[in-house]
Amino acid sequence: MAYDFREIERKWQAAWAGEGTFKVREHKGDKFYVLDMFPYPSGSGLHVGHPLGYIATDIVARYKRHRGFNVLHPMGYDSFGLPAEQYAIQTGRHPRETTDKNIARYRQQLDRLGFSFDWSREVRTSDPSFYKWTQWIFIKLFHSWFNNETNRAEPIDTLVARLEQQGAVTTATDARKPFGELDEQGKSDLLMQYRLAYLDEAWVNWCPALGTVLANEEVKDGVSERGGHPVARKRMPQWSLRITAYADRLLDGLDDIDWSDSIREAQRNWIGRSDGSTLFFEVADGPAAGEKIEVFTTRPDTVFGATFLSVAPEHGLAGSLATPEQQQAVNAYARAAANRSERDRQADVKNVTGKFTGSHVLHPFTKEKIPVWVAEYVLAGYGTGAVMGVPAHDTRDYAFARHFGLEVIKVIEPADESLKDEPCFDTYEGRCINSRFLDGLEVSDAIGKAITEIEKQGTGKRKVNYRLRDAAFGRQRYWGEPIPVYFRNGIPCTMPEDDLPLRLPDIDTFLPTETGDPPLARAGDWTYRPEGDSEQWPLETTTMPGWAGSSWYYLRYMDPHNEEAFASKEALGYWRDVDLYIGGSEHATGHLLYVRFWTKFLHDLGYLEITEPARKLINQGMIQGRSNIIYRVEFPDASTDIDFPLFIGEESKKELQSSATGAGDLAKMIDSEFGVKMQPIEGKSLKIPITPIHVDVNLVNEDMLELNDFRSWKPEFRDARFLGGDKIKCGWEIEKMSKRWHNVVNPDDICDKYGADCLRMYEMFLGPLEQGKPWNTNGITGVYGFLKKTWKLFEGNVSRRDHPAEDAMKSLHKLIKKVTTDIEQHSFNTCVSAFMICVNELAAQKCDDLNVLEPLCILLSPFAPHMAEELWRGMGHEGGISAVAWPGWDEKYLAEASFTYPVSINGKTRFKIPLSLELTKDQVAEAVLAAEELKRYTTGNTPRKVIVVPGRIVNVVV
RNA sequence: GCGGGUGUGGCGAAAUUGGCAGACGCACCAGACUUAGGAUCUGGCGCUUAACGGCAUGGGGGUUCGAGUCCCUCCACCCGCACCA
């Protein structure tokens, strides 16, 4: 019987679904949680790159089930997001509708691949039963603060208790009033400065034309990515999450998780911890005399090299520092800076700009006067928005000082001699000079000493700074989780948990309102009336960002239908964390940071025991596309009768390019093939340019273009002709897999042609999971051939032998060992090779022994589950294969009696000699020295040394 | 500029972690069976040389009996971050 994968795959997919084979039922035994980053269901469906990670996790999930683990292997959809909303704005169709449609398509495609997902646990972030809990977590964040003493989040009540006990507190509006005496607004304002989810004025990218705030990645060169509308920086109220409170724990946690170096390093950079010191400089003159400017520095050891101070244009004192003479210039400078987008400012970092304020500050140690400047290179958002300029030891300060002719004082003598004569060097290796009490100290010691002195003097203190910013949490969008907050007399209050979910209202159009309010403001009655209250209060109109749902979805899979909690204590206690998480590295500093943040937060509130979401993370490499290209020939400068599109293949193109008389040759070829003469237009030389055209890779087989398919591909190619006969070989290029390059390969097509088992194995066979690699459908025939060959092994008259053949057992046990250890190491590509080797050997041995074929079938089942299930039942087993115990290997079958030693002379392999593995090192050496072949290479010299590595190699040194 | 990663045949890649470089597969070549082959099977296949041999893991240097693997240095490509004081 031939290998009919279509029938087999259809049959078992239906059976598994019908029997609920992969349903997780109870919390018993050793658990294994293997998770994929769930997809955003886009309108274009899956291409072959998407399932790569899902195949890997499915192999692990199935393998772990064979090993007796209780496996949680779920799938769901990150179904809130911009594209559906954008589409809704254009077409008027509700995002829910398009999202549902896209999900249905995704599901269809996923189902064909034979994944062992427990679909009864599917989650969708846009489902009210899911986002109810996203809102619930938001409320918890709102009612929590971060206690720096205990280094963890606590309910806001503990802060209130403290504030009440403490008595007087300073607030922005009411200076030094006891907390208890503050009015409701005052309390709210004060607590807002502590809440982990808080409303605050923040700088945003405001796009008036689109009527919305844009994320940084949606703004390119000062205009919106979509539509090219101008974007201004605007300060407006904005919900944020205080992720910065967790900066240190997010940093420390990285040491204990098995994630790739690149991701952990990216997160470290993103968090950007800097240890240093604050330092106050007193203003000596000008209108702001007596004020203090606080700077942050990581190099307090260079304080004696500070020759100026720079403050950001947005700095609170920038205006008041300016002396009357400088006022106008400083104001103009600050205004110009404010009008430029963040992007623009970053674009020309090389231009040194700045304005002298006219004021000076006193150096805290020398008491000398140093000038204060306003400079764009100082960022308002980092540190204190002011820096001390040490031009001798900071390249930016140096560029600034040189441009404006400011003084440069060297205070470090570098350990590296070559730096000695450089006007500016930034090094941690050297000793302090010209620095009074720091003179002679190594930089590392001087930093400590400087901070001690600064603190002693009371002009500053030790400080840690982070690059990490609090996360903007509100979006002026429709298709996201509504924020469960209403404004009672203008004071933000959360809805009671019992009233969740706060459902997305239906609205007529998904655009912002005429007054620039977010789409939710269009809802007829977007208000809330708390119980016992007589008034309706307005609800928050922004929605949560895309990453809200994904920051905790892994927990919901543990108990997806729970209506009392986001997951039960039992489920959370049993499944704990993700054992293996696979997804793309593009989420390095977004999702993967936020999910760690929420995990730590929920831990602090006592909902989770774990402090990290995933023990092991693998980032699968991107599968690139392999585009096919042919070349269109055009005749702009010739008079010709050619009235059809003319194309040439890769080889003709190369010939043309390497030939000096290219155009003339081509004209001749066209003449001989089509009988068309070509004359250059008068006064012009004959030029025949060729244009590369990307052809759909589905019209190409082994790089050969299917000419008729090509002609019917697009109307303008209907009459296409080809130079050089009917065999046109396309050129190729590795590019991103996208519609634009016509190189998208759809898994459905592969399943039609070769089957899901073949696609699964081929994707793994392509190379290491973590590595990016191009997709080339050509190679798949190798895996297809392997599957057919495997099928054939089971086709004959198989039976169980009393005495299994030794060579077959050896082939089998080699495979068991290889596949077992390689799955554990997530080296799936080498597993596939091992299968091929084993099946090749068994076929050569004409093995038909069930003692061998049965275990082989189990080994194969994680990789090619449909075929394995079919063969398994074919061998007469009643139950399915998925729960059968994984075979172990026995070293006794792998042991060799002898080994053919490669013998090298001075490190070069010269000949081979078969020897018993029983021999001692000396005996091996003896045998080699006695070998006839050796004489040819020693040329009379006595070997000086013989190195024997038992079972590996012999090296003779002459 | 900083950080991470990758460089091995025509292509995708292996290499038991310092021990026969190129397993396995694609493509290609030759043959068998075939009316046919985008089916199947057999054999070949790094470069170079008539051959003995020589040369080969991005380039150069080093350690070692022995280096794709370890060290130094340079180069190329990919991915992050980027005036972060």
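Protein chains get the first letters and strands the later ones, always in sequence-line order, with residue 1 at the start of each.
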> Nucleotide by nucleotide, 5' to 3', does protein get under 4.0 Å of the base (B), only the sugar-phosphate (S), or neither (-) in nucleotides 22-27 of chain B, counting heavy atoms?
Replying inline: -BBSSS
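Taking CZ from A:F899 and CG from A:L917, the interatomic distance works out to 7.5 Å, rounded to the nearest 0.5 Å.
The side chain of A:K908 sits closest to B:C55 out of B:G12, B:G38, B:C55. With B:C20, B:U16, B:G12 as the candidates, the nucleotide lying closest to the side chain of A:T909 is B:C20. In the set B:A13, B:A85, B:C20, the nucleotide with an atom closest to the side chain of A:F899 is B:C20. Comparing B:G66, B:U6, B:G80 by their nearest atom to the side chain of A:Q771 picks out B:U6. In the set B:C65, B:G19, B:A14, the nucleotide with an atom closest to the side chain of A:P768 is B:A14. Among B:C20, B:A85, B:G4, the nucleotide with an atom closest to any side-chain atom of A:S262 is B:G4. Closest to the A:D261 side chain, of the nucleotides B:A39, B:G5, B:A85, is B:G5. Taking only side-chain atoms of A:T297, from C-beta outward, the nucleotide of B:G12, B:A85, B:C65 with the closest atom is B:A85. Among B:C81, B:A39, B:G38, the nucleotide with an atom closest to any side-chain atom of A:R467 is B:C81. Of the candidate nucleotides B:A85, B:G66, B:C20, B:A85 has the atom lying nearest to any side-chain atom of A:T298.
Scanning atom types as modelled, one donor and one acceptor separated by under 3.5 angstrom connect the side chain of A:N701 and the base of B:G38. Counting atom types as modelled, A:N955 pairs a side-chain N or O with a base atom of B:C65 as donor and acceptor under 3.5 Å.
Between B:G46 and B:C29, the two P atoms lie 16 Å apart (nearest whole Å). Separating the P atom of B:G25 from that of B:U42 is a span of 11 Å, rounded to the nearest Å. Rounded to whole Å, the separation between the P atoms of B:G62 and B:C47 comes to 30 Å. Using P as the reference atom, B:G12 and B:G18 are 27 Å apart when rounded to the nearest Å. A gap of 13 Å separates the P atoms of B:C55 and B:A67, to the nearest Å. Using C1' as the reference atom, B:C77 and B:C72 are 22 Å apart when rounded to the nearest Å. Here, B:A23 and B:C33 have their P atoms 30 Å apart, quoted to the whole Å. Nucleotides B:A21 and B:G68 are separated by 8 Å at their P atoms, to the nearest Å.
Across all strands shown, A:K912 has heavy atoms under 4.0 Å from base atoms, whether or not it also approaches the sugar-phosphate. No engagement by A:K463 is indicated, since no non-hydrogen atom pair under 4.0 Å with the nucleic acid exists. Within the 4.0 angstrom heavy-atom criterion, base atoms lie near A:V949. Using a 4.0 Å heavy-atom distance criterion, A:E706 is classed as a base contact. Within the 4.0 angstrom heavy-atom criterion, no nucleotide atom of any strand lies near A:R273.
Between A:K788 atom NZ and B:G38 atom C1' the separation is 10 Å, expressed in whole Å. Whole-Å rounding puts the A:D703 CG to B:G38 C1' distance at 14 Å. Rounding to whole angstrom units, OH of residue A:Y784 and C1' of B:G12 are separated by 21 Å. When the P atom of B:C81 is taken as reference, atom CZ of A:R268 falls 17 Å away, rounded to whole Å. Whole-Å rounding puts the A:Y398 OH to B:A85 C1' distance at 18 Å. Separating the CG atom of A:D709 from the P atom of B:G38 is a distance of 15 Å, rounded to the nearest angstrom. Look at CH2 on A:W775: it is 15 Å from C1' on B:A13, rounded to the nearest Å. Taking atom CH2 of A:W270 as the reference point, atom C1' of B:C2 lies 15 Å away to the nearest angstrom.
More than 12 non-hydrogen atoms from other residues, nucleotides or ligands lie less than 6.0 angstrom from NZ of A:K463.
Put simply, the side chain of A:V408 does not reach to within 4.5 Å of the side chain of A:T307, judged on heavy atoms. Between A:E770 and A:N619 the shortest side-chain heavy-atom distance does not fall below 4.5 Å. The shortest distance between side-chain heavy atoms of A:C838 and A:K814 does not fall below 4.5 Å. Between A:M622 and A:M737, the closest side-chain pair of non-hydrogen atoms is not below 4.5 Å. For the pair A:I257 and A:L617, the minimum side-chain heavy-atom distance is 4.5 Å or more.
A:S627 and A:E735 are linked by a side-chain donor-acceptor pair at a separation below 3.5 angstrom, with hydrogens and angles left out of the test. Between the side chains of A:K945 and A:N955, no donor-acceptor pair of N or O atoms lies under 3.5 Å.
For the pair A:Y466 and A:I263, nearest-nucleotide mapping onto RNA chain B gives the more 5' position to A:I263. Comparing A:G785 and A:L766 by the nucleotide of RNA chain B that holds the closest heavy atom to each, the one mapping nearer the 5' end is A:L766.
Within the 4.0 Å cut-off from OP1 or OP2 of B:C81, not a single side-chain nitrogen or oxygen of A:Q267 is found. Of the side-chain N and O atoms in A:S585, none sit less than 4.0 angstrom from OP1 or OP2 of B:G80.
With both pairing distances under 3.5 Å, B:C65 is matched to B:G19 as a Watson-Crick or G-U wobble pair. In this structure B:A50 sits in no base pair that meets the Watson-Crick or G-U test at under 3.5 Å. Shown here, B:A30 forms a base pair with B:U42; the pair counts as Watson-Crick or G-U wobble because both key distances fall under 3.5 Å. Pair check for B:C77 finds B:G5; Watson-Crick or G-U wobble, both atom distances under 3.5 Å.
Base orientation of B:G46: anti, the glycosidic angle falling outside 90° of 0. Classified by its glycosidic torsion, B:U64 falls in the anti category, the angle being over 90° from 0.
Under a 4.0 Å N-O distance rule, the pair A:R6/A:D4 does not qualify as a salt bridge. Salt bridge present: A:R268 and A:D255 bring a charged side-chain N and a carboxylate O closer than 4.0 Å.
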